[in-house]
Amino acid sequence: MAETTAPAPLERAQAEVADLLSELIRIDSTNTGDTTTSKGERQAAEWVAGKLDEVGIDSVIHESEKGRASLVARIPGEDRDRPGLLVHGHLDVVPADKREWSVDPFSGEQRDGYVWGRGAVDMKDMDCMTLALVRDWARTGVKPPRDVVLAFVADEEAGGKYGAHYLVDHHADLFENVSEAISEVGGFSLTVRDDLRLYLIQTAEKGLAWMRLTAQARPGHGSFVHDDNAVTKLAAAVARIGSTRLPTVLTPPMKQFIEEVSDAYGIEIDVDHPDEALSRLGSISRMIGAALRNTVNPTMLDAGYKTNVIPGSASATIDGRFLYGQEEAFEAQIDELLGEGVTREYITHDQAVETTFDGPLVEQMVAALKAEDDGARPVPFTMSGGTDAKSFETLGMRCFGFSPLRLPADLDFAGLFHGIDERVPVESLQFGVRVLDRFLRAS
Ligand SMILES: [Zn+2]
């Protein structure tokens, strides 16, 4: 491990991080999944460029399509021969319906010690923690030990085609000699008791298998006796898929996670049936439960055009997610549930990624968290959703979800992602800046 240097006072970074976040939230960068109706990514990237330029950090904005902008900057380290570290964050957000919120979701309002708005936890918070930190470094002359590459990207919320995937496919040179990456989703705390908090560090995420199912059968008149019906066949397959819970599979990060939870809470956890014990983790258990198995949920149905006509085909879409190393098993599980006469095809497919919870970089994350919270106990976990790590991993980087936040014990953090009244405590942002400072200066 690198020698620990005394942390900078970070006064300006801690003072400005919440205001930066408010400003960035006010740039509505809603990603609808459709370029013609998405907006704000260019403006957000230009805003970041301006904030970097103010302190003398050069950056370049790359557009995959008009308005789909991602920004990359490289901060030179002390030792330029060492492989660099990527800190990436997305600038887009999912839509928010103002009528459902207590505040305007794009006001960036600060109230009751929180910054409110769409993107407050996913993930303009990390964007601004990073920004506040590197601005502070530039002002005080701090140089990281090795190159730190910053990427603020478009389109994560729709799979990254116009953001991270685009950069990796067309500008891989920007990430030359970068060996590791940090971003969402991880580094946040889960309170066990006053003096013990688990910090969940993402070392793996599930793969994406979105599929269309199609049943084909004999069309006919709705008034006849007709036993070969595409709608019936499809409905039966959808019902089987939707009501089956796929078996528990413990991948290495989740095995370690369960051992740590068992130890922290002083409870026995049956590794074959861990769900019940894990329910005590509160709302986060929905996310954790999904990381213990492959999952599949039917999400859309499409069949027929008239009440008295039996259609020749019917289709449905399913959202499947498979664990690292489980893709073939997952496909076999789906095929068994489909039954006869129903076929499947991929609409969207992306890999699962996983790395190990060890090595100097992990030690530095652990040390930085413990230095700022003496009740911290970092543990690895698998994220049930997907992030841009899927793209950057293809360049050979080890990817971690590490956006450090010490959270209040009663905050439903998992529920804030894409949720109503998304918000983040100002103190948590300041904590994150301090942890990132220690971590990046040691790495
Ligand atoms: Zn996100």
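Whatever order the structure lists them in is the order used to number ligands and atoms, beginning at 1. Residues take their numbers from the sequence shown, with the count starting at 1.
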Just say parallel, tilted or perpendicular for the rings of F413 and F188, cut-offs at 30° and 60°. tilted

Would you give the length of the straight line joining atom NE2 of H88 to atom CE of M397, rounded to the nearest 0.5 angstrom? 7.5 Å

How many N, O or S atoms of the protein are nearer than 2.8 Å to the Zn ion (ligand 1)? 4

D373 side chain to Y199 side chain, donor-acceptor N/O pair below 3.5 angstrom: yes

Given side chains that start at C-beta, do those of N294 and R321 come closer than 4.5 Å, heavy atoms only? no

Salt bridge (charged side-chain N to carboxylate O under 4.0 Å, His left out) between R398 and D358, intermediate numbers included: CA-CA 11 Å; R398 290 179 77 198; D358 59 8; 3.4 Å; yes

Option passing side chain to side chain contact (heavy atoms under 4.5 Å, CB included) with T203 (candidates T356, T355, V353): T355

